[in-house]
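Data block below; observations after.
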Amino acid sequence: MSPRWLLAAFWLCGCSADPAPGDSGPAAGGDGLEGSDGAEGGDGAEGGDGTDGDDPPALQQPLLQQPVEAEDLDPAEGVVQVSLVAAPDTHRLTDWRTGETIEIAGYAYNGSLPGPTLRARLGDRLVVDFENQLDDATTLHWHGLDVPNAMDGSPMTQAPVGPGERFRYEFTLEQAGTFWYHPHIDTEHQVDLGLYGAIVVEDPADPAVDADLLLVFDDWREVAETDAEPSAVHGAHGEVGLWAVNGQVLPRLVVGGGLRYRLRLLDVSNHGYLNLSLPGARVIGHDQGLDAAPAPADAVVLGPGDRAELELLPAEGLLALMDSPYSLNGGAALGEAEARLDIEVDVAAPAAAAPAWAFSGASPAPDPGRTDVLYVFQGEAHSDSWAINGEQYPDITVQSLSFNQDAVIEVRNLSATEHPFHLHGLVFELLSLNGVAPAFQERLDTLNIPIYGVARLRVVAHNPGMWMAHCHILPHADGGMMSMLQVTESTR
Ligand code: C2O
Ligand code: CU
Ligand code: CU
């Protein structure tokens with residue numbers, strides 16, 4: 001693997017003026033109606049009130065910031081052209097509750113973490129002029145988008161973009177929803193060090209909301225563990241981390257009663273799961289935009305790579321997006337839930353009527369009973385040795401589908417941990433999980449497979465090329481849990 005990572009991860013503790021943990025009431029300090037847009041990205045939870053002398057500043061709860069948005073450099077309608085530069089950058093995260101600061105000599109896109117949000121509309125042409133200012137080769141992958149094979153950023157289909165090199169990615173956006181971009185070379189390290197950003201593809205047919213917000217979740221403690229002590233991470237999967245939302249620990253979102261919010265949640269961590277609940281909110285979408293039907297937001301499990309969209313119609317009071325313990329070794333776990341985002345309604349008003357989302361109400365496709373591609377997940381956590389069908393990437397057997405074949409993929413998890421299965425290039429539909437069909441159609445690109453679980457997935461092989469199929473727990477993918485699915489050019 002590439003050169004040794006120079007990494008400083010350390011804790012600065014013990015500011016005397018800390019608020020006690022748990023004393024997390026909204027700090028005083030004026031603010032208006034925050035949180036919709038216009039906030040600059042950038043990290044840190046700066047508080048303090050400019051008192052002089054050597055006293056450490058008192059920390060206060062930061063207001064949620066939105067990631068910066070990439071500037072569209074092409075004025076033409078229907079084209080979004082952006083420039084992304086990957087370069088070394090130092091990231092700093094302060095937990096305002098304890099004063100603890102994590103500093104990481106990492107990487108960033110355009111100097112921001114999360115990287116700039118790419119926002120476009122369904123049907124737009126997206127042009128990304130990418131420049132690599134790292135000392136390492138990298139690529140860009142468009143997680144969840146069925147892009148042409150040559151644009152996919154997989155090391156099997158694209159020559160790496162070397163240090164100092166440029167590459168233009170270009171494709172048409174044919175799916176609406178919340179997606180993300182990240183490298184696909186040395187992925188575990190590069191994503192961990194800060195290379196990720198969101199992609200929002202708006203559907204002009206969607207009803208209007210008052211604010212459309214991103215919540216990008218990353219676990220920062222796994223960063224420190226992974227890179228400072230490579231051996232320590234292997235025992236740490238699924239353990240308690242320090243979660244940040246858009247690069248801030250437990251920020252506060254101020255919302256207005258009577259307004260309509262669309263929250264796009266994305267888990268970009270290497271191996272951390274979230275088990276979220278937000279009272280009164282509804283889940284309206286997952287990986288591929290709107291779901292077929294809404295559901296209450298009471299146990300929204302997000303594994304690495306996963307997305308969910310929530311509708312929030314606040315009225316009055318205080319709310320919190322809570323995260324209940326979740327273990328890779330068996331799902332919901334014992335322990336107390338922790339807040340990840342505090343939400344404060346600044347002006348009480350009756351809740352708005354729900355926007356008229358175009359839920360299709362579609363039923364899942366019937367299971368034809370046969371299996372065209374089988375993936376058996378096995379492995380062993382202590383050695384981080386993982387395999388699909390007994391093979392470890394890159395020494396794998398490529399399985400094939402013919403162009404436009406309507407096929408069934410079965411994924412069986414025969415290991416003692418859960419795995420988020422992810423497929424490139426071909427969105428799949430869930431036919432059943434452990435023999436049970438979902439109540440409504442579910443179209444996904446990332447699906448958590450429980451321990452000893454069996455998922456049956458339908459794909460229509462509309463996109464020719466070589467596509468990666470892997471676990472999105474990045475240490476697992478790195479440890480061999482990755483395969484390739486080929487879609488041949490012509491019909492048999
Ligand atoms: Cu999010 Cu193979 O990738
Ligand atoms: Cu992907
Ligand atoms: Cu896995």
Side-chain angles (χ1 to χ4, degrees), residues 114-115 138-149 151-158 169 171 175 177-188 190-192 195-199 216 218 233-234 237-238 266-273 287-288 302-307 327-329 375-388 392-394 396 411-428 444-453 455 459 463 465-485:
T138 190
T139 59
L140 283 175
H141 168 64
W142 317 94
H143 183 122
L145 290 169
D146 292 356
V147 301
N149 203 224
M151 295 290 127
D152 193 48
S154 138
M156 299 290 269
T157 50
Q158 186 192 351
Y169 292 90
F171 44 87
Q175 298 145 267
T178 310
F179 310 94
W180 61 301
Y181 59 93
H182 64 73
H184 223 293
I185 287 186
D186 201 9
T187 316
E188 180 183 3
Q190 295 193 2
V191 171
D192 212 13
L195 293 183
Y196 53 76
I199 305 168
V216 180
D218 194 8
V233 68
H234 296 142
H237 297 183
L266 159 55
D267 181 352
V268 300
S269 75
N270 272 25
H271 56 72
Y273 278 63
D287 297 355
Q288 297 287 322
L302 294 182
D306 258 342
R307 288 89 70 205
S327 167
L328 274 185
N329 305 108
Y375 292 128
V376 178
F377 280 35
Q378 282 177 286
E380 209 275 314
H382 287 286
S383 54
D384 244 337
S385 180
W386 301 99
I388 297 179
Q392 294 188 299
Y393 185 85
I396 51 108
V411 186
R412 290 190 208 152
N413 179 3
L414 296 186
S415 77
T417 62
E418 308 194 350
H419 302 278
F421 171 76
H422 173 55
L423 179 62
H424 290 206
L426 302 170
V427 168
F428 54 80
L444 303 163
D445 54 70
T446 309
L447 173 71
N448 193 50
I449 317 285
I451 296 172
Y452 301 121
V459 285
N463 203 1
M466 288 281 272
W467 303 110
M468 308 200 100
H470 62 92
C471 173
H472 218 286
I473 294 177
L474 299 178
H476 293 187
D478 222 57
M481 198 168 250
M482 187 141 73
S483 190
M484 303 287 301
L485 181 61

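Note that ligands are numbered from 1 as they come in the structure, with each ligand's atoms numbered from 1 the same way. In this chain, residues are counted from 1 in sequence order. Reckoned from all heavy atoms, side chains included, excluding hydrogens, waters and symmetry mates. Keep in mind that this is a model prediction, so the values were computed, not measured.
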Fill in: Ring centroid separation His419 to Trp386 under 6.0 Å
yes

Worksheet item: Does Ser415 reach the main-chain N or O of Gln378 with its side chain, forming a donor-acceptor pair under 3.5 Å?
Response: no

Discussion item. I'd like to know: is atom 1 (Cu) of ligand 1 within the 2.8 Å range of an N/O/S atom from His143, strictly under that distance?
Written reply: yes

Worksheet item: In degrees, rounded to 10 degrees, what angle do His470 atom NE2 and His424 atom NE2 make at atom 2 (Cu) of ligand 1?
Response: 110°

Discussion item. With a 6.0 Å cut-off on the ring centroids, do His141 and Trp467 count as close?
Written reply: no

Item to complete: Tell me, please, if His472 has any N/O/S atom, main chain or side chain, under 2.8 Å from the Cu ion (ligand 2)?
Response: no

Item to complete: Could you tell me whether any N, O or S atom belonging to His182 is less than 2.8 Å from atom 1 (Cu) of ligand 1?
Response: yes

Worksheet item: Near the Cu ion (ligand 2), is there an N/O/S atom from His141 that is less than 2.8 Å away?
Response: yes

Worksheet item: Gln175 side chain to Asp146 main-chain N or O, any donor-acceptor pair under 3.5 Å?
Response: yes

Worksheet item: Closest to atom 1 (Cu) of ligand 1, which N/O/S atom of His472 is it?
Response: NE2

Practice prompt. Verify, without hydrogens or angle tests, whether Asp445 (side chain) and Val427 (backbone) share a donor-acceptor contact under 3.5 angstrom.
Written response: no

Discussion item. Go through it in stages, so that I can follow the logic: the residues are His472 and His143, the test is side-chain hydrogen bond (donor to acceptor under 3.5 Å, both in side chains), and I'd like the CA-CA distance, side-chain angles, deciding distance and then a yes or no.
Written reply: CA-CA 11 Å; His472 218 286; His143 183 122; 3.2 Å; yes

Discussion item. Atom 1 (Cu) of ligand 1 and His141: any N/O/S contact shorter than 2.8 Å?
Written reply: no

Worksheet item: Taking the N/O/S atoms of His422 one by one, which is nearest to the Cu ion (ligand 2)?
Response: NE2

